[in-house]
Every structure is written in C-alpha cells, then in structure tokens.
Number of protein chains: 2
Amino acid sequence: MSPAHAEIHRTVRDRLDQNDQRYTTGRRAVVDALAETDGPITLPELIDLAPALAQSSAYRNLAVLEEVGVVRRLVHSSDHARYELAEHLTEHHHHLICEQCGSVRDVTLTPELERRLDAAFATVSSAEGFTPTHHTIDLYGRCADCRP
Amino acid sequence: MSPAHAEIHRTVRDRLDQNDQRYTTGRRAVVDALAETDGPITLPELIDLAPALAQSSAYRNLAVLEEVGVVRRLVHSSDHARYELAEHLTEHHHHLICEQCGSVRDVTLTPELERRLDAAFATVSSAEGFTPTHHTIDLYGRCADCRP
DNA sequence: TTGCTTGCAAATGATTTGCACTGCT
DNA sequence: AGCAGTGCAAATCATTTGCAAGCAA
C-alpha cells in the first residue's frame, strides 16, 4: 500500500467521522479496491477485488461513501454503474471509454486546456442562466486491446 | 435541430429503408417528439408527447431507431435513460444537467474550441493507444429554474 | 449494552420479451 | 396473404431493502 493510500484512508476516515459513520473493514476494502485501479470499476469488478464483501454490503458501502463525498458513481451504459474515488482524493480527470469491451480508463488534459474549458463553460452556462459546478468529458472509441 | 422536420423524416425513412425497417406511425411519433424538444427526454416524457404509444412500443421503436443510427440513448443517472436525435440530424452539442431537477438542455461550444478539443483528445488518446470516435461533455450544476 | 453494519433473501423498478392480434405492403 | 409492428402482461436484471444476527464504541 503506497503512502498515497494511507493518506486516502485518513481522509476517508475524517469524512466518515464528520458524518457519524464508521470506517469498517468492508468500507476500507471498498476504498482499497477503488484506489488500486486506473479507472472506475463496476460492482462485479469491485467484488472480485474484495471477495469478502457481500454484494448488498458493497452497494450499501458505496452509497455511504458516495454520500460523504469520497466516492463518485458513474453511469455510462445501462448495465453496471461504475464507481471511482472522488476527485479530491485523486485528481481531476476524464475517461476513455472503449465501445468494444466497455473498459474505462482515466486520462487528464493539460491544466491550460482545462482552464480554457472552464472559461468557455462559464460563458455558455451564463447565457442559459445555468450555474455550473463541475463537468465530465468522455472520449468514446477503441482501446489498445480492442484495436483492429 | 438544424434540418427542418421534413428533412429529418426523410433521413430517418432512408435509414430505416436501408435496414429493411418500416417508418410506421409510432416511429414517426417518436421522431417528432424528439425533434420538438431542446434536450434529450426520458421515456415518460416521450409518452407524454406521444400518448398514443404504448410503453413497450416506445422502447422498441427507440431501440430500432438507435440501431439504424438516428437516435442516441444517454444515461446520466440511474433512473430513466434519455433519448435524443443523432447528431447528424441536429448538430454537435453538449449538455447542461441540473443536479436539482434532473433536466437536461443542449448547448454548443464554439467551433474553434471544439477544434482545439479534438486536437487535445487526439494527443491524450494516442498516448494510451486509444482511437477516439467521438466525445461527450456534460456540465453539471443548477439550472435557471432551480437557482436559489 | 446499544445501535450501526452485515448477509441473506425478497422486493423494486426500468427495461425487455413472449405471444396473439393488427395493419402495412 | 404474409410478415413486421403493436399492446398487454409476464420476465429480467441491477440495485435496494427488510430482517435477524454480528460487531464496534
């Protein structure tokens, strides 16, 4: 477990404490699994990484962790949702989504481009009376493994 | 929606013909409903706009229209999916998603920014061996109606 | 103890599907 | 006529929830 892992656990514990929630073995296992991967994972994938967890407990723990703001739930297709650590525990990133195999990997853009995007988003939003809080960018295509 | 309704219907009919599918009253009603709105709609919303459609037929027609490439299905949250006309029938756009009421509205960015984005996407993708085909950008926040 | 957490099994709800009927072509 | 499309009701499947038992503060 990397030092980054240790800090993640500390932050998660703090957030749970602040919300009168316990940091149980099961919740720790969920966080460990999410910290290990280089992209958001589905519930079956999570259970493969943490086989001690019952399915219902995995779902319940993810819901609690999402509520206290350390997990984000993503829905790209209609089968399984995907879960990842919140960006304040990782870093702002986007997703490469393979249309062939369904895998999802994280990518980051340059800070300069993100800055430009935020400016553009502020512009188009205010024209609509919309107040943006955050954004997601998904790139769909073919991943390296599925390349023809 | 840039092409007029008539042109949309012509294109849809062509696509269906090419795939040995008929352009029935129900399918036309689906396309009309999707062409009327300024953002992707859910199935209940679609049925409100086209009350003659049975729920199962709406789902089946949307599936057919998606298969022939004139409808796109979006999933932002875990309740109802949303459907919109494919971009070749409208224009390239993104979404403003209200976290309060769940409404979704279309927005466009400047062509210049889209060009810059495509360039950046090509760069980060090739570094991962990924071949991008298209992208989506979603802005989450508070819509005008839900503003505090 | 006291009550949150867990695991199992049953419930929920959006979407899909079987089947008989309708209506294009 | 013949087969694709439709409506209804039943089936599916990810996710949620009720309940009894386990575990942490």
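Numbers restart at 1 for each chain; the letters A, B, ... are given by sequence-line order, proteins then strands.
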- Task: Could you tell me whether A:N61 contacts a base, only the sugar-phosphate backbone, or nothing, with contacts defined as non-hydrogen atoms closer than 4.0 Å?
- Result: sugar-phosphate
Would you tabulate the pairs of protein nitrogen or oxygen atoms and nucleotide nitrogen or oxygen atoms of nucleotides 12-15 of chain D closer than 3.5 angstrom?
residue, atom, partner, partner atom, Å
D:dT15, OP1, A:A81, N, 2.9
D:dT15, OP2, A:Y59, OH, 2.3
D:dT15, OP2, A:H80, ND1, 3.2
D:dT15, O5', A:Y59, OH, 3.1

- Please confirm whether the backbone N or O of B:F121 pairs with a side-chain atom of B:S125, one donor and one acceptor, at under 3.5 Å? yes
- Query: How many Å lie between OH on A:Y23 and C1' on D:dC23, as a whole number?
  - Reply: 18 Å
- Any donor-acceptor pair under 3.5 Å joining the side chain of A:R60 to the base of D:dG18? yes
- Take the protein atom CG of B:L53 and the nucleotide atom C1' of D:dC8, then report the distance between them rounded to whole Å. 15 Å
- Item | Nearest-Å distance for atom pair CD/C1', residues A:Q21 and D:dA24 | 14 Å
- Can a side chain N or O of A:T24 be found less than 4.0 Å away from OP1 or OP2 on D:dC23? no
- Item | Pair B:Y140-B:H76, side-chain donor/acceptor within less than 3.5 Å | no
- Message: Rounded to whole Å, how long is the line connecting atom CG of A:D17 with atom C1' of D:dA25?
- Response: 12 Å
- Query: To the nearest angstrom, how far is B:I47 atom CD1 from C:dA14 atom P?
  - Reply: 12 Å
- Item | Touch class at under 4.0 angstrom, heavy-atom based, for B:R27 against every strand present | sugar-phosphate
- Query: Would you find a donor on one side and an acceptor on the other, under 3.5 Å apart, between the side chain of B:R27 and the backbone of B:R22?
  - Reply: yes
- Item | B:L16 CG - D:dA4 P separation (whole Å) | 15 Å
- Message: To the closest 0.5 Å, what do you measure between OH (A:Y23) and CG (A:D17)?
- Response: 11.0 Å
- Side chain B:H95, main chain B:T136, donor-acceptor under 3.5 Å: no
- Using a heavy-atom cut-off of under 4.0 Å over every strand shown, decide if B:A58 touches base, sugar-phosphate, or nothing. nothing
- When the distance from CG of B:N19 to C1' of D:dG5 is rounded to whole Å, what number comes out? 16 Å
- Message: Assess, by modelled atom type and distance only, whether the side chains of A:H134 and A:E87 contain a donor and an acceptor separated by less than 3.5 Å.
- Response: no
- Item | Under 4.0 angstrom between B:S56 side-chain N/O and D:dC8 OP1 or OP2 | no
- Query: Is it the case that A:T133 and B:E99 place a side-chain donor and acceptor less than 3.5 Å from each other?
  - Reply: yes
- Among C:dT25, C:dT5, D:dT17, the nucleotide that comes nearest once only the side chain of B:R22 is considered: C:dT25
